[in-house]
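Since the structure comes first, as structure tokens, the remarks are kept for the end.
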Amino acid sequence: MKISGWLFDIYPNMVNGLTLWLIGDDGQRHCLQHEFAVRFYAAGPSAQLRALWKFLEEREEPVKLSRTERRDIYTGKITVLACEVPNPAALRDLFQQVSLAFPDLTYYDADIHLALRYAAETGVFPLARCEVETLGNQVQAIQPLDKRWELDPVAPPMRILSLAPDDDPSCRTPKGIIFQYERYSYRLDLEPARAVLVNLRTILERFDPDLILTNHGDTWLIPWLASKIKELGISIPINRDPAYQILTHKEHTYFSYGKIVYRGQQSQFFGRWHLDKQNTMLWSDYGLDGALEMARVTCLPVQEAARLSPGSGISAMQFVTAMQTGILIPWRKAQAEKPKTALELIRADMGGMVYQPTIGLHENVIGIDFVSMYPGIMVHFNISPEVQRSGVALEPSTEEPGIVPQTLEPLLKKRIAYKTALFDMPKWDDRREKYKARSSAEKWLLVTCFGYLGYKNARFGRIESHEAVTAYGREALLRAKEAAEELGYEILHMYVDGIWVKKATKPDADDIRKLLEDVADRTGLPIALDGMYRWVAFLPSQVNAKVPVANRYFGVFQDGSTKVRGIEARRRDTAPLLSKTQMGILEILAKAPDIAAIRKVMPEVDRFIDSKVRALRDGRVPLEDLVMRQRLSRELEAYRTPSPAARAAQQLAEVGKTMRAGQSIRFIITRGKPGVHAWDLPAEVDRKSIDVQRYQTLLYRAIRTVLDAVVPLEKPPDLFDLPVRIEMPIKTDLMAVC
DNA sequence: TACAGTCGGGG
DNA sequence: GTGTACGACTGTA
């Protein structure tokens with residue numbers, strides 16, 4: 001029989017291959033089995049390889065052995081022992097025994113996700129349209145009908161059941177569950193639990209949803225259901241595949257991007273998806289469409305793709321490229337960082353180019369950005385761990401692309417295609433949201449790819465490549481500066497992938513076009529206009545008013561929209577009252593068409609500030625607007641000087657709610673000890689205890705940040721007091737901008 | 001004054 | 001399952 005449809009789920013079966021779920025064009029959900037052997041490779045001294053051969057031959061489960069040639073990206077062509085295991089589910093245990101018995105051999109392709117192997121071998125990836133030849137429920141042949149890079153893939157029709165507790169389980173115990181299916185929505189009390197389970201069973205049997213979309217499902221709802229199912233002995237087809245239990249992952253914390261990250265526990269299904277909106281990477285940013293895009297481009301099953309941590313998505317893509325092109329994937333990273341000379345160490349410490357901005361207000365400023373600068377550099381100049389580089393030449397590479405650029409190029413192209421399409425797509429076009437979501441998911445992958453190059457445990461990473469990227473970035477920025485200067489512009493600021501310039505006279509469209517062209521010509525990298533500012537203010541350091549800081553500024557574009565960086569309003573830990581006040585002031589300032597007109601809007605600014613301060617003093621500010629939010633950087637007992645966030649977490653601990661390192665906590669500042677009131681305490685904060693004085697100080701400070709930059713100073717600063725502008729490359733390599 | 005703790009990026 | 005920057009800034013002792 002022939003079936004066409006979408007690949008919905010993929011996981012190992014216990015016998016000799018994998019289970020595929022297809023949403024058929026016929027509307028059926030097909031559960032199929034596909035025989036699929038997996039291979040790992042071993043390399044090393046022949047005597048040891050022979051011993052391994054013997055070791056494997058003597059085992060009960062069949063392993064097909066052969067000698068073959070493959071390419072290691074660092075050492076080139078090598079002879080390896082290929083070990084083919086017919087049962088993918090058995091690979092993990094078998095390989096563990098092998099690696100323990102022969103620890104000195106070098107292993108490849110040993111720990112690769114089954115879905116990635118499948119995508120590399122068959123071209124069929126999660127959500128791909130495909131055509132399957134079947135005999136019974138056995139797959140005889142399968143072929144993809146679309147590619148990962150398709151801009152408008154046809155989406156499968158999906159049946160979605162939403163489940164949500166009626167309260168946030170991290171604060172209060174929920175009393176009910178809200179069920180929603182299509183236009184039906186109803187609430188059931190949690191007790192008696194039997195009624196909840198029976199209802200759920202009925203819905204699952206009647207509608208057979210493809211996706212169970214929950215609030216707090218990973219951390220609370222599914223574990224709650226699982227415990228009740230066990231307790232009451234009611235069987236529920238929560239997995240479509242009755243052969244499987246719910247798959248759970250424990251909560252954990254890990255270090256990423258310089259900070260502790262907390263991931264709650266997870267629950268995944270088989271043959272059906274469970275996605276928890278609260279425990280899904282960036283759900284609020286790109287929702288279901290972004291999660292589906294992640295699955296398509298990474299080739300990882302949707303439930304995993306949606307919960308990805310930064311590096312794993314891009315690694316998955318690199319693995320697929322590697323398997324498709326016959327490159328071995330090291331089991332453990334083979335290459336240690338080579339020792340560096342003193343000079344190289346100094347250079348290695350440089351990250352993105354940072355220029356000290358000219359403090360103050362500037363009119364008619366052009367801001368330009370390189371588009372996806374670091375990924376663009378990797379692709380254009382072929383930066384990859386296996387490609388040798390000496391020096392920085394901004395010439396497009398003509399050599400065979402390395403594994404990293406080869407992986408990135410289609411992704412970068414796809415994202416640029418979405419961005420380009422969005423640029424002149426009308427507002428009412430219903431593709432807009434999808435395009436934005438996909439481009440946002442792709443951006444994530446592109447950005448982390450750069451970081452991953454420098455990660456010591458990345459399979460295809462090398463610190464030298466990472467440094468090469470930032471070196472190219474600095475060179476590109478310097479060339480942009482030259483181009484602008486030759487056209488008579490004054491350079492106000494440069495920051496990693498952006499440059500701000502101005503001229504004595506207001507530039508017109510032709511001037512801007514010329515500037516963009518010249519910069520693009522000289523760097524060979526795509527460049528985009530960030531905007532033409534009516535005015536922009538680069539702020540001084542709070543500590544020393546004469547010292548500029550690289551990334552604190554705000555400005556107003558010609559169309560009246562604002563851009564804000566680095567000030568309080570941009571920080572997650574700032575109370576909404578302060579952000580709203582700062583942004584409100586900016587909105588009023590944005591009405592001024594030029595610097596001279598700012599004076600005219602100041603009375604309105606004054607009235608606005610006055611209203612905010614009065615509201616605070618009179619207790620009319622909504623409590624939510626006073627809530628600060630911070631991440632706990634360590635476990636509670638590890639604090640030497642408990643921060644306000646730690647003290648709030650202590651309060652929660654006292655009522656039995658433990659917070660782990662990496663979790664965010666919300667609190668309000670109160671008078672006396674401990675000086676905070678955790679927002680998630682069962683008792684609401686007493687308005688009388690709020691430290692209004694403190695909030696007022698913070699509010700004034702936030703107001704001053706904005707106003708000091710735009711209101712003329714009482715006394716003009718002495719010309720000789722102005723800071724000396726210095727060019728200073730420093731390590732800011734994380735500021736990759738896409 | 002010194003040190004400990006937190007945030008950033010884009011859209 | 002995986003990036004242990006780095007500078008600016010704030011709060012506390």
Side-chain angles (χ1 to χ4, degrees), chain A residues 111 113 249-250 252-261 263 266 282 284-286 290 304 307-315 332-333 348-352 354 369 371-374 415 419 422 435-437 439-444 446-459 461 463 466 470 495-498 530 539-544 547-552 561 563-568 570-574 628-634 638-647 664-665 669 675-676 694 697-698 701 705 728 730-738:
Chain A
D111 48 358
H113 197 292
H249 293 297
K250 284 210 186 84
H252 65 282
T253 54
Y254 62 93
F255 212 90
S256 170
Y257 282 76
K259 57 168 97 49
I260 291 274
V261 180
R263 298 301 313 267
Q266 300 179 11
L282 300 177
S284 52
D285 277 11
Y286 56 67
E304 282 157 82
R307 293 171 171 88
L308 282 182
S309 43
S312 27
I314 199 69
S315 313
R332 270 202 288 258
K333 193 175 178 300
D349 260 329
M350 297 183 194
V354 173
D369 288 334
V371 183
S372 282
M373 186 196 228
Y374 287 166
R415 179 159 189 269
K419 297 289 266 187
L422 275 169
Y435 279 23
K436 277 202 245 169
S439 132
S440 178
E442 290 151 8
K443 177 204 172 73
W444 224 150
L446 289 168
V447 171
T448 52
C449 184
F450 162 66
Y452 222 61
L453 259 188
Y455 174 41
K456 65 180 184 318
N457 294 333
R459 248 62 82 83
I463 196 68
H466 187 265
T470 57
Y495 191 77
V496 187
D497 70 343
D530 170 42
L539 307 187
S541 156
Q542 299 273 68
V543 184
N544 182 346
V547 176
V549 294
N551 206 22
R552 274 166 73 84
S561 60
K563 180 159 181 173
V564 175
R565 290 295 174 270
I567 65 174
E568 289 86 341
R570 289 292 295 193
R571 293 174 63 109
R572 274 192 329 195
D573 57 349
T574 301
M628 301 183 168
R629 170 193 286 268
Q630 277 184 338
R631 190 194 297 271
L632 296 166
S633 63
R634 59 206 74 200
Y639 277 93
R640 279 186 283 180
T641 344
S643 62
R647 298 200 301 269
S664 287
I665 184 162
I669 301 180
V676 291
R694 181 98 193 86
T697 309
L698 293 173
R701 196 159 67 200
T705 300
M728 191 170 64
I730 55 167
K731 185 152 182 123
T732 54
D733 59 1
L734 292 162
M735 304 302 173
V737 184
C738 259

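Each chain gets a letter, A, B and so on, in the order its sequence line appears, and its residues count up from 1. Worth knowing before you read on, the calculation uses all heavy atoms, side chains too, and leaves out hydrogens, waters and symmetry mates. This is a predicted model, so every value here is computed, not measured.
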Sugar-phosphate only, base, or nothing, as touched by A:Arg571 at under 4.0 Å among non-hydrogen atoms: base
Interatomic distance, A:Leu446 CG vs B:dG11 C1' [rounded to whole Å]: 15 Å
Aromatic plane relationship, A:Phe450 with A:His466 - under 30° parallel, 30 to 60° tilted, over 60° perpendicular: parallel
Touch class at under 4.0 angstrom, heavy-atom based, for A:Ser541 against every strand present: sugar-phosphate
Check against side chain to side chain contact (heavy atoms under 4.5 Å, CB included), A:Lys563 and A:Asp530: CA-CA 10 Å; A:Lys563 180 159 181 173; A:Asp530 170 42; 3.0 Å; yes
Shortest side-chain distance from A:Arg552, nucleotide among B:dT6, C:dC9, C:dG1: C:dC9
Table of protein N/O atoms under 3.5 Å from nucleotides 11-13 of chain C N/O atoms:
residue	atom	partner	partner atom	Å
C:dG11	OP1	A:Arg694	NH2	2.3
C:dG11	OP2	A:Arg694	NH2	3.3
C:dG11	OP2	A:Arg701	NH1	3.3
C:dG11	OP2	A:Arg701	NH2	3.4
C:dG11	O5'	A:Arg694	NH2	3.4
C:dT12	OP1	A:Arg647	NH2	3.2

For atom CZ of A:Arg634 and atom C1' of B:dC7, their distance in whole Å: 14 Å
C:dT4 versus B:dG10 - spacing of their P atoms, nearest Å: 22 Å
Any A:Gln630 side-chain N or O less than 4.0 Å from OP1/OP2 of B:dG5: no
Given B:dG11, C:dT10, C:dG1, the nucleotide with the shortest approach to the side chain of A:Arg570: B:dG11
A:Glu568 and A:Thr705: CA distance, side-chain angles, deciding distance, side-chain hydrogen bond (donor to acceptor under 3.5 Å, both in side chains) verdict: CA-CA 8 Å; A:Glu568 289 86 341; A:Thr705 300; 3.0 Å; yes
From B:dC7, C:dG1, C:dC9, nucleotide with atom closest to A:Arg631 side chain: B:dC7
Nearest-angstrom distance from the residue atom CG of A:Leu632 to P of B:dA4: 18 Å
Atom pair distance, as rounded to whole Å: CG in A:Asp497 and P in B:dG8: 18 Å
Interatomic distance at P, C:dC9 relative to B:dG9, whole Å: 13 Å
Base-pairing assignment for C:dT4 (Watson-Crick or G-U wobble, both under 3.5 Å): none
For atom CZ of A:Arg565 and atom P of B:dG9, their distance in whole Å: 6 Å
Side chain to side chain contact (heavy atoms under 4.5 Å, CB included) between A:Cys449 and A:Tyr374, intermediate numbers included: CA-CA 9 Å; A:Cys449 184; A:Tyr374 287 166; over 6 Å; no
A:Asp369 to A:Gly498 - nearest heavy-atom pair and separation: OD1-CA, 3.5 Å
A:Arg629 CZ: over 12 foreign heavy atoms closer than 6.0 Å: no
Closest contact, heavy atoms only, A:Leu422 versus A:Lys436: CD1-CG, 3.7 Å
N or O in side chain of A:Asn551 less than 4.0 angstrom from C:dA8 OP1/OP2: no
Beyond-backbone contact of A:Arg459 with A:Asp111, side-chain heavy atoms, under 4.5 angstrom: yes
Base-pairing assignment for B:dA4 (Watson-Crick or G-U wobble, both under 3.5 Å): C:dT10
Nucleotide nearest A:Val549 (side chain, heavy atoms from C-beta), chosen from B:dG11, B:dC7, C:dA8: C:dA8
Nearest-Å distance for atom pair CZ/P, residues A:Phe450 and C:dA5: 15 Å
Nucleotide of B:dG5, B:dC7, B:dG10 approaching A:Lys443 most closely (side-chain heavy atoms): B:dG10
Separation of atom CZ in A:Arg629 from atom C1' in B:dG8, rounded to whole Å: 16 Å
Nucleotide C:dC9, atom C1' - distance to CG of A:Asp573 in whole Å: 10 Å
